[in-house]
Protein chains: 2
Amino acid sequence: MPRAGLDPAAVTLAAAGLADEVGLANVTMGALAERLGVRAPSLYKHIDSQADLNRRIALLVAEELGDALREALQGRSGRDALAAAARTMRDYIVKHPGRYATTIRLGVTGPDDPLAIAGARVLDSLAAVLIAYRIDPADKIHALRLLRSLFHGFATIEAAGGFEMNTEVDDSFDWIVDFVDRGLSLRRESSE
Amino acid sequence: MPRAGLDPAAVTLAAAGLADEVGLANVTMGALAERLGVRAPSLYKHIDSQADLNRRIALLVAEELGDALREALQGRSGRDALAAAARTMRDYIVKHPGRYATTIRLGVTGPDDPLAIAGARVLDSLAAVLIAYRIDPADKIHALRLLRSLFHGFATIEAAGGFEMNTEVDDSFDWIVDFVDRGLSLRRESSE
DNA sequence: CAGGGTTGGCTAACGCCATTAGCTTTTAGC
DNA sequence: GCTAAAAGCTAATGGCGTTAGCCAACCCTG
């Protein structure tokens with residue numbers, strides 16, 4: 001019998017896909033093993049524990065999201081950049097609700113934790129959106145938290161099916177992006 | 001031997017408290033039973049299953065949050081109301097992260113589901129914040145979703161310890177409330 | 001205040017899950 | 001080809017949710 005040829009990355013990727021399909025809570029070692037054509041205990045040759053697996057998925061998410069944001073923000077600034085970042089985050093979360101769910105509630109061990117680094121890179125991309133708005137440097141962290149809270153909240157609620165009247169969700173999204181764009185424009189240094 | 005004198009409400013309340021203390025994931029039937037001075041299977045005399053328990057906690061949250069919002073919004077309008085609603089939601093979620101966590105991912109069965117009704121009442125309170133801003137009725141749903149996404153996102157991230165530099169979180173919160181207030185003020189019917 | 005039905009507790013047991021131990025087989029390098 | 005590491009396996013443990021079935025405490029009627 002030939003081997004399955006697994007490695008930590010393959011296991012992580014399969015787990016992420018399974019999470020998106022059946023929900024993070026249903027990603028059991030047995031189900032994951034079955035999908036990989038292997039028995040559950042064999043997975044422990046590649047990952048330490050389920051907590052370790054979640055951590056690896058979260059790292060994957062941070063990398064994927066960071067890549068997607070950098071890609072989307074290339075050559076854009078101001079309102080274009082804002083809309084692109086918002087759409088990128090929304091699309092990613094709605095498309096990958098299971099893997100995204102791993103990113104809430106994880107203990108970052110230290111500043112050299114790969115997860116902390118990848119997360120910081122995501123935040124850096126969001127911060128890049130703010131450049132063209134020329135926000136007062138002292139307010140930058142607040143504006144960044146606004147974007148993060150809003151995008152995270154909107155996409156999370158949408159992914160959970162929390163909005164009624166599905167057809168209007170796109171309109172709400174556009175309206176909110178416009179709302180933030182106008183608000184940030186008012187806060188340019190020159191306007192105070 | 002005397003009886004413990006439990007009922008569904010007492011079990012739900014104890015579970016909500018335990019969730020806040022140890023995290024929703026650690027609310028096991030055994031731990032909950034122990035806190036109530038009872039053995040795990042006895043809990044099934046009061047609740048149907050763990051899913052049923054989560055549902056009951058979520059309903060409790062919707063009622064508590066609705067009550068708190070109505071209380072806080074009494075006699076306030078405009079910016080005051082916005083700030084009060086934001087603070088109420090934030091305080092509640094940060095103080096009760098475990099029980100609040102039950103409100104994500106729950107299937108509402110129909111429009112007469114008590115959970116749907118209680119949830120709608122929470123949204124009604126948020127909608128009351130918008131009255132004084134005299135938003136164009138067609139935009140009301142979008143503004144409501146803005147508030148909901150933002151408050152939910154901010155408090156969720158804060159409760160999960162997602163913001164660095166803890167001391168500045170209060171400042172960010174105030175800044176964001178101010179940002180939304182100004183943005184909504186611009187959208188009064190008269191201003192378009 | 002007697003007794004019978006209902007209610008709320010208990011123990012025992014099942015199946016599923018994560019995880020560990022220890023064995024066997026494949027595979028890569030010399 | 002030989003050997004050692006890596007990667008799979010089966011078996012077993014302990015914890016969890018849940019069900020079945022038993023017994024004691026309570027309420028309520030007479």
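The sequence lines fix the lettering, A, B, ..., with proteins before strands; numbering per chain opens at 1. Bear in mind that the values here come from a model prediction, so they are computed numbers and not experimental data.
- In terms of the salt bridge (Lys or Arg N to Asp or Glu O under 4.0 Å) criterion, A/R121 has no residue partners (sequence neighbours excluded).
- Looking at residues two or more places apart in sequence or on another chain, you find no side chain to side chain donor-acceptor pair (under 3.5 Å) involving B/D112.
- If you measure from atom OH of B/Y44 to atom C1' of C/dA13, you get 14 Å, rounded to the nearest angstrom.
- Distance B/N26 CG to D/dG17 C1': 15 Å, rounded to the nearest Å.
- Screening residues 43-93 of chain B for ring-ring contact (aromatic ring centres under 6.0 Å, His included), with sequence neighbours left out, gives B/Y92-B/H96.
- A search for salt bridge (Lys or Arg N to Asp or Glu O under 4.0 Å) contacts involving B/D20 returns B/R99, not counting sequence neighbours.
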When you compare the protein's N or O atoms with those of nucleotides 10-16 of chain D, which come within less than 3.5 Å of each other, and at what distance?
none

Could you tabulate the donor-acceptor pairs under 3.5 Å formed by side-chain atoms of residues 156-165 of chain B, not counting sequence neighbours?
| unit_1 | atom_1 | unit_2 | atom_2 | d |
| --- | --- | --- | --- | --- |
| B/T156 | OG1 | B/H152 | O | 2.6 |
| B/E158 | OE1 | B/R90 | NE | 2.8 |
| B/E158 | OE2 | B/R90 | NH2 | 3.0 |

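- Under the salt bridge (Lys or Arg N to Asp or Glu O under 4.0 Å) criterion, B/D48 pairs with no residue, sequence neighbours left out.
- Proximity of A/R145 to B/F173: side-chain heavy atoms (C-beta onward) are nowhere separated by under 4.5 Å.
- Of the residues in residues 6-20 of chain B, not one comes within less than 4.0 Å of DNA chain D through any heavy atom.
- One interatomic measurement links the two molecules: NZ of B/K45 to C1' of C/dG9, which rounds to 8 Å at whole-angstrom precision.
- A straight line from CG of B/L32 to C1' of D/dT18 spans 15 Å, rounded to a whole angstrom.
- For A/F151, the ring pair (Phe, Tyr, Trp, His ring centres under 6.0 Å) criterion is met by no residue, not counting sequence neighbours.
- OP1 or OP2 of D/dG8 sits under 4.0 Å from a side-chain N or O of A/H46.
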